[in-house]
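A short write-up of the structure that comes next.
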Amino acid sequence: MTTKKPQKPAKRERNWKNVTVRLYADEYQLLLDLCDALSVPGARVDKSFLLLTAAVEEATLLGFSPAAPDGDPAIQKRPKEWKYDVPERTEESYAEQLTITAHPLELTAVEHAAEWAHVKLQRFFMGSLMRFGAKRKQADPENAKLRTIPFPKQFSK
């Protein structure tokens, strides 16, 4: 009778990735305001999850999803360009850094969408957040907190 040697457990790989997003003071305040406006009693909206949700939604609208991170050929009407870029401000330093923990499938889709849009990943996150907030404001006119958050017109179109 032969005895099997016990096998060492396989090294567990992470099922998430971290990415750091740097925000200017007004962008960070907008993020805090949106989290507050979208939170419901008993469930607080988290900053990093809101940023990730907005970016994944925007990437998906552009045809980059966790299922098709390189671009879905079924997307017939991808815009010629992404018009929701938030400009870098060289005269101002970043106020906050936020670490986003994302599933690799989601993050890959967002990274590919940012590449397609020719913007830095952190600018894609912020532009997506602005677009998400503006769309949510239009969809939820009864939300008094959302009504007080201003968004540039380019994000409301």
Side-chain angles (χ1 to χ4, degrees), residues 17-103 105-157:
K17 286 184 172 182
N18 284 334
V19 63
T20 300
V21 177
R22 296 180 317 236
L23 304 170
Y24 297 111
D26 60 331
E27 293 172 341
Y28 188 69
Q29 187 59 54
L30 172 81
L31 178 59
L32 293 175
D33 291 346
L34 273 172
C35 285
D36 183 49
L38 297 174
S39 292
V40 295
R44 178 110 185 102
V45 173
D46 178 76
K47 297 182 295 285
S48 63
F49 285 122
L50 180 57
L51 271 173
L52 181 61
T53 298
V56 169
E57 179 173 304
E58 192 65 30
T60 301
L61 290 172
L62 293 173
F64 301 91
S65 69
D70 293 328
D72 188 345
I75 298 296
Q76 300 294 321
K77 295 190 176 190
R78 181 175 292 148
K80 292 178 185 170
E81 64 181 346
W82 191 61
K83 58 184 177 184
Y84 305 113
D85 188 15
V86 179
E88 293 273 359
R89 294 177 277 186
T90 54
E91 73 283 353
E92 192 176 340
S93 62
Y94 292 105
E96 296 289 334
Q97 288 194 114
L98 185 65
T99 300
I100 298 172
T101 302
H103 190 279
L105 295 176
E106 292 174 326
L107 188 57
T108 299
V110 171
E111 289 169 337
H112 286 221
E115 286 173 23
W116 174 85
H118 304 291
V119 297
K120 292 179 182 178
L121 185 60
Q122 67 187 33
R123 299 288 85 204
F124 188 81
F125 273 108
M126 199 59 221
S128 297
L129 179 71
M130 298 280 279
R131 178 77 173 129
F132 182 92
K135 286 171 33 180
R136 188 63 190 256
K137 183 177 180 176
Q138 289 175 338
D140 190 4
E142 301 300 314
N143 186 323
K145 289 181 180 179
L146 258 175
R147 282 197 313 258
T148 65
I149 302 173
F151 295 97
K153 288 187 185 229
Q154 79 184 69
F155 297 99
S156 299
K157 295 178 184 176

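Here H103 contributes atom NE2 and T108 contributes atom OG1; the two are 9.5 Å apart, rounded to the nearest 0.5 Å. Note that CG of L51 is 11.0 Å distant from OG1 of T99, once rounded to the nearest 0.5 Å. Here the CG atom belonging to L61 is positioned 9.0 Å from the OG atom belonging to S128, to the nearest 0.5 angstrom. Between F49 atom CZ and T101 atom OG1 the span is 7.0 Å, to the nearest 0.5 Å. In this structure, CG on L62 lies 11.0 Å from CD on E57, to the nearest 0.5 angstrom. The distance from the CG atom of L52 to the CG atom of L107 is 7.5 Å, given to the nearest 0.5 Å.
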Worksheet item: Under the side chain to side chain contact (heavy atoms under 4.5 Å, CB included) criterion, do M130 and Y84 qualify, and how do the steps go?
Response: CA-CA 8 Å; M130 298 280 279; Y84 305 113; over 6 Å; no
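Residues F125 and L23 form no side-chain contact, since every pair of their non-hydrogen atoms from C-beta on lies 4.5 Å or further apart. Between Y24 and M126 the shortest side-chain heavy-atom distance does not fall below 4.5 Å. Side-chain atoms of R123 and L121, non-hydrogen and from C-beta on, never get closer than 4.5 Å to each other.
Using a cutoff of 4.0 Å between basic side-chain nitrogens and carboxylate oxygens, R22 and E27 are not scored as salt-bridged.
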Determine all donor-acceptor pairs shorter than 3.5 Å in which one atom belongs to a side chain in residues 30-38; sequence neighbours excluded.
from, atom 1, to, atom 2, distance (Å)
D33, OD1, Q29, NE2, 2.8
D36, OD1, K145, NZ, 3.3
D36, OD2, K145, NZ, 3.3

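When all heavy atoms of G127 and F155 are compared, the closest pair comes out as O-CE2, 3.7 Å. Residues A109 and P66 share a closest heavy-atom pair of CB-N, 3.8 Å. Looking at every heavy atom in both residues, W82 comes nearest to A117 through CB-CB, 3.6 Å. Across all non-hydrogen atoms, the minimal contact from S39 to R44 is OG-NH1, 3.0 Å. Residues F124 and A59 come closest through the heavy atom pair CZ-N, 4.0 Å.
A side-chain donor-acceptor contact under 3.5 Å links Q154 to the backbone of K83.
Heavy atoms of other residues, nucleotides or ligands lying less than 6.0 angstrom from NZ of K137 number more than 12.
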